[in-house]
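Everything below concerns the one structure shown next.
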Amino acid sequence: MTALAVPARGDRRRAMVTPEGIALPIVLASRGARFGALALDLMLIGTLMIATTIALIYIASGLFDANLDKVDRSPALQFVLIVWIAAMFLFRNAYFLFFELGARGATPGKRVTGMRIAARDGGRLSAEMVIARNLLRDIELFLPLVFLLSSDDSGAAGLAATAWFLIFALFPLFNRDRLRAGDLIAGTWVVETPRRRLEAAMSLGASAQGTSAASGASYRFGAAELAVYGEHELQTLERVLRDDRAEAIAAVHEAICRKIGWNPGSGDERAFLEAFYTQLRARLESGLRMGRRKANKFAPGG
């Protein structure tokens, strides 16, 4: 992703340039929304940690309540302790990876606040990006916090840990794209995203039914042609149709034709896209009713 022009200070609008060279408008998530999402996620992680700890304590206490006077309980207690350590590690380190590697690219906190992770180069959000940005979270947040909470030293070491934490915590305040250090390293940013699964239907013309009002050409797409795209591409196509910019319409038309094996032609691009949008939307919604979801073109099924 890249911006077409240097944005004014405080302006969160950017242009997402796809690998096909199509510039689509997006809005960066605000710093307050990002903080709120992190707070929600940390609260959920904390709740899961507490609930798991209570459950394992209950299990361990049951070992002493049972009539096992002649049985050595230490192996069982050691196993419970190992399970607790593994669970705490997974909650802290795997929580963000699990959700952000998913099709939505967002943790529960981000979904509630209407945000998702996106690649700044306009390509697919890769596992390497998600892993890199979340490994940096340990350096940015958890390590200095653990040091501060576990140390009684209020001298130079304590001041250094506090400065370390503040530098990374305040990092998004000092760059226009509101990037934390993990975003900078991973090549990602956090953008606003619609909360609805699929965008509301647009008011389209006769071409939405597959026939061009201008040329009379009929556009009908087969299952294999519609199966190449998913919800993400549907929402991208809707934004292109709503913006109604001739260069974007032509570029998306050519990209879709190339993808599904059609001859791009010229002069009837919008009618083609409206027909493709309507038929793709109907296919995806039918799949959802049957319990099949195709989040994007990389996802199987559809």
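Being a predicted model, the structure only gives us computed values, none of them experimental.
- Residues Glu254 and Glu269 have side chains not in contact (no heavy-atom distance under 4.5 Å, counting atoms from C-beta outward).
- Between Thr53 and Trp84, the side chains place a donor N or O and an acceptor N or O closer than 3.5 Å (distance only, hydrogens not considered).
- For the pair Thr52 and Ala87, the tightest heavy-atom approach, listed with the atom from each and the gap, is CG2-CB, 3.9 Å.
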Which donor-acceptor pairs under 3.5 Å do side chains of residues 38-50 form with protein atoms, sequence neighbours excluded?
unit_1 : atom_1 : unit_2 : atom_2 : d
Asp41  : OD1    : Tyr95  : OH     : 2.7
Asp41  : OD1    : Thr107 : OG1    : 3.3
Asp41  : OD1    : Gly109 : N      : 2.8
Asp41  : OD2    : Thr107 : OG1    : 2.6
Thr47  : OG1    : Met43  : O      : 2.8

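- Between the side chain of Glu140 and the backbone N or O of Ala169, no donor-acceptor pair lies under 3.5 Å.
- Applying the salt bridge (Lys or Arg N to Asp or Glu O under 4.0 Å) test to residues at least two apart or on different chains, the pairs with a partner in residues 83-92 are Arg92-Asp138.
- Rounding to the nearest 0.5 Å gives a distance of 11.0 Å between CG of Leu241 and OG1 of Thr236.
- Minimum interatomic distance between Arg12 and Ser30 (heavy atoms only, all atoms of both residues): NH1-N, 3.6 Å.
- Partners of Phe221 under the ring-ring contact (aromatic ring centres under 6.0 Å, His included) rule, at least two apart in sequence or in another chain, are Trp262, Phe272, Phe276.
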Can you check side-chain contact (heavy atoms from CB on, under 4.5 Å) on Leu184 and Phe171, steps first, answer last? CA-CA 10 Å; Leu184 190 64; Phe171 193 85; 4.0 Å; yes

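- Under a 3.5 Å cut-off, the side chain of Arg31 and the backbone N or O of Pro172 do form a donor-acceptor pair.
- Hydrophobic clustering (ILVMFWY, side-chain heavy atoms < 4.5 Å, transitive): Leu56 and Leu81 are in one cluster.
- Residues passing the salt bridge (Lys or Arg N to Asp or Glu O under 4.0 Å) test with Glu100 are Lys110, Arg133, sequence neighbours excluded.
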Val191 and Arg116: CA distance, side-chain angles, deciding distance, side-chain contact (heavy atoms from CB on, under 4.5 Å) verdict: CA-CA 6 Å; Val191 301; Arg116 75 183 306 275; 3.9 Å; yes

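- Looking at Ser61, its side chain does come within 3.5 Å of a backbone N or O of Ile57 through a donor-acceptor pair.
- Here the straight-line distance linking atom CZ of Phe96 with atom CG of Asn134 works out to 7.0 Å at 0.5 Å rounding.
- Judged purely by atom type and a 3.5 angstrom limit, Glu225 uses its side chain to pair as donor or acceptor with the backbone of Gly222.
- Criterion: ILVMFWY side-chain heavy atoms under 4.5 Å apart, direct or through other members. Under it, Val130 and Ile185 are not part of a common hydrophobic cluster.
- A distance of 12.0 Å separates CG of Asn175 from CZ of Arg180, quoted to the nearest 0.5 Å.
- A distance of 11.0 Å separates CD of Glu274 from OH of Tyr219, quoted to the nearest 0.5 Å.
- The structure places CG of Leu234 at 10.5 Å from CG of Leu226, a figure rounded to the nearest 0.5 Å.
- Looking at Leu97 and Asn93, their side chains never come closer than 4.5 Å, going by heavy atoms from C-beta outward.
- In this view, Arg34 and Asp183 satisfy the salt bridge (Lys or Arg N to Asp or Glu O under 4.0 Å) rule, not counting sequence neighbours.
- Looking only at side-chain heavy atoms (C-beta outward), Trp189 and Ile26 come within less than 4.5 Å of each other.
- Here the side chains of Arg258 and Pro264 are not in contact, with every heavy-atom distance at 4.5 Å or above.
- Residue Leu136 is not grouped with residue Leu101 when hydrophobic side chains (ILVMFWY) are merged at heavy-atom distances under 4.5 angstrom, including chains of intermediate members.
- Within the 4.5 Å cutoff, the side chain of Arg14 has heavy atoms near those of the Arg176 side chain.
- For the atom pair Ile260 CD1 and Ile256 CD1, the distance stands at 7.0 Å (nearest 0.5 Å).
- Both Met115 and Leu125 are members of a single hydrophobic cluster when ILVMFWY side chains are connected at heavy-atom separations under 4.5 Å.
- One hydrophobic cluster, built from ILVMFWY side chains closer than 4.5 Å, holds both Ile85 and Val83.
- Formation of a donor-acceptor pair under 3.5 Å by the Thr278 side chain with backbone atoms of Ala275 is not found in this model.
- Here the closest non-hydrogen pair linking Val228 and Ala224 is CG1-O, 3.6 Å.
- With sequence neighbours left out, the side chain to side chain donor-acceptor pair (under 3.5 Å) criterion links Trp164 to no other residue.
- In this structure, the side chains of Leu28 and Val190 stay at 4.5 Å or more apart for every pair of heavy atoms.
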